[in-house]
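Step one of this worksheet: look at the structure below.
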Protein chains: 2
Amino acid sequence: MSTATPEGGLHQRMLDTLGESIASGRLAPGSRLTLEDLQQEYGVSRTVARDTMRVLESMNLVYSRRRVGIVVQDPRHWNVFDPKLVHWRLLSERREAQYASLTELRIAVEPIAAAAAARRATHAQRGELGALAAELRRLGEAGDLEAFLAVDIAFHRLLLHASGNEMFAAIDEMVAEVLTSRTQQGLMPFRPEEAALKAHEDVAAAVSRGDTNKAEEAMHRVVVEVRQAMGLD
Amino acid sequence: MSTATPEGGLHQRMLDTLGESIASGRLAPGSRLTLEDLQQEYGVSRTVARDTMRVLESMNLVYSRRRVGIVVQDPRHWNVFDPKLVHWRLLSERREAQYASLTELRIAVEPIAAAAAARRATHAQRGELGALAAELRRLGEAGDLEAFLAVDIAFHRLLLHASGNEMFAAIDEMVAEVLTSRTQQGLMPFRPEEAALKAHEDVAAAVSRGDTNKAEEAMHRVVVEVRQAMGLD
DNA sequence: ATGTGCCTTTGGTCATACTTTTGCGACGCA
DNA sequence: TGCGTCGCAAAAGTATGACCAAAGGCACAT
């Protein structure tokens, strides 16, 4: 992804390049940079170099100290929930580790989000969820994987938002990336399994009638299927 | 609060003040600022004002456009997992909403983290977890709430790290803040309940012998107790 | 070997100037 | 009167150069 984003300001380009380098491990923890070096390497002014480092610092990817320079932080300090960092990690060779973490996060969050949605979703959201589940079955049985993916993403995204918990809603982009990658890497069966279609329908039905326990249980069935498909067991 | 952190760089102070204003809603979404205004108001140079805005922009608390200025974003775009934002929200009047979200997140994550720890914790971590559980019982029965809190935090923090999932580990500070506030606001019983002590011990024991199901179930007992104590049911 | 103090490196902050984008109003045309 | 076009000015984006403050490291003295 060397010439990935020719558009965007200088600051944005530099941030993406550097962020990706750090996220991928090409710039190892403990590596030291100086503003001077960065100005030269990226051909930008001190202003832009500083802005970039400030953002990276706020994500805890680096810290800066006088007389030392800018130092790449140990990964255990990174703000691993920052969508930018998640994106960079998914671009790197360590993609699999990021997928594994995200999948485990989904397994934790989505069932509870389903229960929350059963409690708090609006009338419109409950209806829409049912419609998406029905559409999933139609597309699944037709074997249209691409359209299936789009609706699957819409289903999970809607559920996370309907949970009424803004922290659950905030992981929607990450879930979408996981689902997309699973399809693209051919980890989906040629036709979605009957059990998966049924589970999605059960979630929608349980949310619709406000049955928190059943919603949680059904969503649990959805995500454990994912865990198995990704070989995390 | 207002004069909370006299130390720290100019940038840091300005960031905290502004971030708190936005997080609390005192600066409503759609509000427009300019670098010029901010320089004057905080008595800082353009450099510092820009650095601050860049960080707020990277958290999606604001966006900036030429000829318009810096605009406060709608809350639905905020990076609600950024520890800085979580902290600011906990300082605001809307504290309760943040606690509710965090508690629900704990309910989702901690049982799965316990199961993961049962699979992946090191020998040392398993031992330490058991020691902390025993210490919890001792302090709980002695009624020393303050020491109990410290060990409780250590217990949950260790478990999240032992899960081997860096995203789970990353919420440790937030969990610590929730636990602390619960004690400070007198939401803890004078003496921790027997069931809670037992549940912690069961978690440690299950993790120790690698029993993922039992670890998950026991941690579930721990967190539903929390949900009830915070009146979320 | 140890402590102590200067010296130089490097980020932190400030001031200023120029560039680029763009909202909006003024003006003209139909 | 309504609509489109052009241009101005406001505000962020970028660049430059200067000075301040901290702090690592070395030399020197003890």
Side-chain angles (χ1 to χ4, degrees), chain A residues 3-19 21-22 27-74 77-79 84, chain B residues 3-19 21-22 27-74 77 84:
Chain A
T3 53
T5 44
E7 95 280 10
L10 291 180
H11 165 248
Q12 186 65 39
R13 272 211 297 284
M14 185 175 174
L15 180 63
D16 276 335
T17 308
L18 256 180
S21 294
I22 296 173
L27 258 91
S31 304
R32 288 166 42 161
L33 309 167
T34 70
L35 288 177
E36 190 74 25
D37 295 343
L38 294 168
Q39 290 182 58
Q40 303 241 316
E41 177 156 5
Y42 290 89
V44 296
S45 70
R46 186 182 177 91
T47 310
V48 172
R50 280 184 53 77
D51 281 357
T52 304
M53 299 322 293
R54 278 283 193 243
V55 173
L56 291 175
E57 190 176 38
S58 111
M59 300 167 71
N60 281 325
L61 290 189
V62 304
Y63 63 90
S64 73
R65 282 227 305 278
R66 289 179 165 164
R67 169 74 200 205
V68 172
I70 289 111
V71 185
V72 178
Q73 281 263 29
D74 187 285
H77 297 112
W78 296 355
N79 283 177
K84 292 182 291 297
Chain B
T3 53
T5 45
E7 96 280 8
L10 292 180
H11 166 247
Q12 187 64 40
R13 273 211 298 283
M14 185 175 174
L15 180 63
D16 276 335
T17 309
L18 255 180
S21 295
I22 296 174
L27 259 94
S31 303
R32 288 164 45 158
L33 310 167
T34 70
L35 288 177
E36 191 75 19
D37 295 343
L38 294 168
Q39 288 183 58
Q40 303 241 316
E41 177 157 4
Y42 290 89
V44 296
S45 70
R46 185 182 178 88
T47 310
V48 173
R50 279 184 52 76
D51 282 356
T52 303
M53 299 322 292
R54 277 278 188 253
V55 173
L56 292 176
E57 189 176 40
S58 113
M59 300 167 71
N60 280 326
L61 289 188
V62 303
Y63 63 89
S64 74
R65 282 229 302 278
R66 287 182 160 146
R67 169 74 202 206
V68 172
I70 288 110
V71 186
V72 178
Q73 282 263 29
D74 186 283
H77 296 113
K84 293 182 290 300

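These figures come from a predicted structure and were not determined experimentally. Order of the sequence lines fixes the chain letters, A, B, ..., with proteins taken first and strands second; residue numbering starts at 1 for each chain.
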Got a donor-acceptor contact below 3.5 angstrom from the B/Lys84 side chain to the A/Ser58 backbone? yes
Taking only the side-chain nitrogens and oxygens of A/Thr34, find out if one of them lies under 4.0 Å from OP1 or OP2 of C/dT9. no
The residue, A/Val48 or B/Leu35, whose nearest nucleotide of DNA chain D is more 5′ is B/Leu35
Measure from OH on B/Tyr42 to P on C/dT13 and round the result to the nearest Å. 15 Å
Under 4.0 Å between a side-chain N/O of B/Arg65 and OP1 or OP2 of C/dT21, yes or no? no
Over how many whole Å does the gap from A/Leu33 atom CG to C/dT10 atom P extend? 12 Å
What is the separation between atom CZ on A/Arg50 and atom P on D/dG17, rounded to the nearest whole Å? 17 Å
Just checking A/Leu38: base, sugar-phosphate only, or nothing, at a heavy-atom cut-off of under 4.0 Å? nothing
Partner of A/Leu56 by side chain to side chain contact (heavy atoms under 4.5 Å, CB included), out of A/Asp51, A/Leu33, A/Leu18, A/Val72: A/Leu18
By nearest nucleotide on DNA chain D, pick out whichever of B/Arg32 and A/Arg32 is the more 5' one. B/Arg32
Rounded distance in Å - CD (B/Glu57) to P (D/dA12): 11 Å
Could you tell me whether the phosphate oxygens of D/dA15, OP1 or OP2, come under 4.0 Å of any side-chain nitrogen or oxygen in A/Ser45? yes
When you measure only distances, ignoring hydrogens and angles, does the side chain of B/Arg46 come within 3.5 Å of the base of D/dG13 through a donor and an acceptor? yes
Do you know the tightest heavy-atom contact between A/Met53 and A/Val62? CE-CG2, 3.9 Å
Is B/Thr47 near enough to C/dG12 that one of its side-chain N or O atoms lies under 4.0 angstrom from OP1 or OP2? no
Which whole-number value in Å describes the distance from A/Gln39 CD to C/dG12 P? 13 Å
Here the pair of heavy atoms bringing A/Trp78 nearest to A/Asn60 is CD1-O, 3.1 Å
Quiz item: A/Arg67 side-chain donor-acceptor pair to C/dT8 base, under 3.5 Å: yes
Can you tell me if the side-chain N/O atoms of B/Arg66 get under 4.0 Å from OP1 or OP2 in D/dT14? no
